[in-house]
Amino acid sequence: MTSATTTSLASDSDLLSGVETAINGVFGPVSEAVSGFVFAKVTVFGVTFPWIVGWLVIAAAFFTVYFGFIQVRGFKMAIDIVRGKYTRNDEPGEINHFQALTSAVSGTVGLGNIAGVGVAVTIGGPGATFWMIVCGLLGMCTKFVECTLGVKYREQHADGSVSGGPMHYLRKGLVERVKGPAGVVIGKILAAGAALMILFFAIAGGNMFQANQTYEQLRNVTGGETGFLGGDGAALVFGVVLAAVVGAVIIGGIKSIGRVTGRLVPAMAIIYVAACLMVILFNIGSLPSAVGEIISGAFAPEGVAGGALGALIVGFQRAAFSNEAGLGSAPIAHSAVKTKHPITEGYVALLEPFIDTVVICTMTALTIVIAKTQFWTDARATVAAGGDSPGGVTVTSDAFGSALPWFPYVLTIAVVLFAISTIITWAYYGEKAWTYLFGRGRASTTTYRVAWCFFIVVGSVLSLGTVIDFADAVLFTLALFNIIGLYIMVPIVKRELRSFHQKIRDGEIAKVG
């Protein structure tokens, strides 16, 4: 390499570093203020946790009781609806129930299921897995409520397309429940705020962060800085290629996204779950003791992070952050479904936390616990002594490597697929927020899609740490307003539920096929 080339690369690196520092400098104070509020911690029986987690879990528990454990009673109904048993193809909407489910799942299943779970079982111990499952089961009911509302108050356009999500049901539903000018004003303010929060997180968290972490993972497994993906130039090329792939999908709208995620989500889930099962089978003799550790750790008087309550809090926190129940993002995808009966998509949506948390997060946790690598054991000891937790991806990757040395490459494939599917789905979420704020004209939509692809390239080259932190805080701020709206509008959902089942009893709705 010539001295001129070296100087050029150093100059480019300095320029990128300067841009990153300047942006982080602007967002730093704002991020600290918003994050300080949203993720402020409260203490319960000596264990501290972000209040927003309690806000999400309490709502999920309330809805579960209010609907009489619909996630259990209605599970078979949900499966039947996904299979098309209660919906005809000529009903209004753009995609079928299965595509709506996979589109929404692709937005939640991602690095949190891999890295986040690794952190959870390191800090909270194996018992955190049990509470992740509990929180996932409760979150099923929150998704049931918000996605029913998403379909009920969606807007159907002249071209056959639809728009839905919290910006629509907060505006329309609150007017129905809160009479007079107050309902109109509150609904419009909350709707506009929801759209802004979704748009910002879509660009930063659903786009740039995913692109950045995908590139980092690929670079790490191909030799790091000395490999063929090392250097700033490689990051730029990777970003352009990824932007081209995503752009080819999102230009077709939700129908194209539904077709892609309908294939991509099952494929990535099968690959990842199969890899987990391989590790478990490789250590099959340890399976009973691992399950015992998960159950006993959930109620143990002592533990890494405050005993049983510590395991509960860590498990609930990871599940809430993973499946996004109550955040208001998933109803955007579910609103595009073909149906005349909003409650049908509520049923379908309750499967989402089951897939995301109960299945995939649990498989990750069980893989780590059953592998019981020395790295994970040492990490738990470090945390117990007051040290920092290691990166969650490292914990999970090491567990995969315990079965076969090349298994981390399987993990890399899963990470890439998860990230791409997340970028595609959040592109749609962001577009619906954008068009709510700036109109649905062709110029507006094209501007958004071009900008989205541009930010993929930016995310691949820059890390923008404080911007991502701010985006996380913004999205969880949405949960504050969204759940207030859900509490107010939950009687509407119950009315829809009763009406749907009455029509089934009266023969107005019959099974198809």
Side-chain angles (χ1 to χ4, degrees), residues 53-82 85-87 97 100-101 104-105 108 131-154 164-166 169-170 172-174 176-177 316 319-320 323-331 333-335 337 339-359 479-506 508-509:
V53 174
W55 177 250
L56 293 168
V57 173
I58 290 171
F62 171 80
F63 296 138
T64 294
V65 174
Y66 186 83
F67 286 100
F69 292 84
I70 191 70
Q71 61 267 65
V72 178
R73 296 186 298 108
F75 197 87
K76 182 180 183 301
M77 173 65 78
I79 297 296
D80 286 342
I81 294 172
V82 170
K85 296 295 184 180
Y86 287 93
T87 308
H97 287 291
L101 176 63
V105 167
T108 59
W131 297 113
M132 273 194 296
I133 296 172
V134 172
C135 188
L137 293 172
L138 292 175
M140 292 168 70
C141 202
T142 305
K143 283 288 178 78
F144 172 80
V145 174
E146 61 185 350
C147 291
T148 297
L149 292 170
V151 176
K152 180 172 178 58
Y153 293 107
R154 66 185 178 179
Y169 62 70
L170 287 174
K172 296 179 180 179
L174 286 176
E176 187 175 328
R177 292 287 296 164
F316 274 14
N323 61 50
E324 298 179 8
L327 270 61
S329 51
H334 286 284
S335 295
V337 71
T339 186
K340 293 180 180 178
H341 311 288
I343 207 70
T344 59
E345 196 57 21
Y347 273 116
V348 171
L350 65 77
L351 295 174
E352 192 182 327
F354 183 83
I355 296 169
D356 176 277
T357 305
V358 179
V359 176
L480 174 62
F481 303 118
N482 184 55
I483 287 179
I484 290 174
L486 299 186
Y487 278 130
I488 295 172
M489 293 182 284
V490 71
I492 297 173
V493 179
K494 176 159 281 190
R495 187 174 66 230
E496 290 288 330
L497 179 63
R498 289 172 176 167
S499 173
F500 176 71
H501 284 282
Q502 186 61 50
K503 289 178 180 178
I504 291 178
R505 288 190 293 269
D506 294 343
E508 294 182 42
I509 301 175

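Just the heavy atoms: all of them, side chains too, but no hydrogens, waters or symmetry mates, feed the values below. All residue numbers refer to positions in the sequence shown, counting from 1. All figures in this text were calculated on a predicted structure; none of them were measured in a lab.
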* side chain to side chain contact (heavy atoms under 4.5 Å, CB included) partners for P166, two or more places apart ->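 Y169, L170, A194, I198, I332, N482.
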* Counting distance only, does the side-chain N/O of E496 pair as donor-acceptor with the main-chain N or O of I343 below 3.5 Å? ->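 Answer holds: no.
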* **Main-chain N/O of A479 paired to W55 side chain as donor or acceptor, under 3.5 Å** =>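 Checking the backbone N and O of A479 against the side chain of W55, a donor-acceptor pair under 3.5 Å is found.
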* To do: Could you name each residue pair satisfying salt bridge (Lys or Arg N to Asp or Glu O under 4.0 Å) that touches residues 339-348, not counting sequence neighbours?
  =>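 The answer is none; no pair qualifies.
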* Asked: In this structure, are over 12 heavy atoms from other groups packed under 6.0 Å from R498 atom CZ?
  ->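 Counting other residues, nucleotides and ligands, CZ of R498 stays at 12 neighbours or fewer.
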* Asked: Pick from F69, F63, F62: which one makes a ring pair (Phe, Tyr, Trp, His ring centres under 6.0 Å) with Y66?
  ->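 Running ring pair (Phe, Tyr, Trp, His ring centres under 6.0 Å) over F69, F63, F62 with Y66 returns exactly one hit, F62.
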* Evaluate the ring planes of Y347 and F500, with Trp represented by its six-membered ring, and classify them as parallel (under 30°), tilted (30 to 60°) or perpendicular (over 60°). =>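 The arrangement is tilted - the two ring planes meet at 30° to 60°.
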* Asked: Taking it one step at a time, do V57 and C135 satisfy side-chain contact (heavy atoms from CB on, under 4.5 Å)?
  -> CA-CA 7 Å; V57 173; C135 188; 3.9 Å; yes
Mind listing the closest non-hydrogen atom pair of [X] and [Y] along with its distance?
X	Y	result
P353	A349	CD-O, 3.4 Å
V348	H334	CG1-CE1, 4.5 Å
S335	V151	OG-N, 3.8 Å

* Answer whether the closest heavy-atom distance between the side chains of P491 and R177 falls below 4.5 Å. =>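 Touching, per the 4.5 Å side-chain cut-off.
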* Non-hydrogen side-chain atoms of T148 and I492 separated by less than 4.5 Å ->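 In short, these two side chains do not touch, never coming nearer than 4.5 Å.
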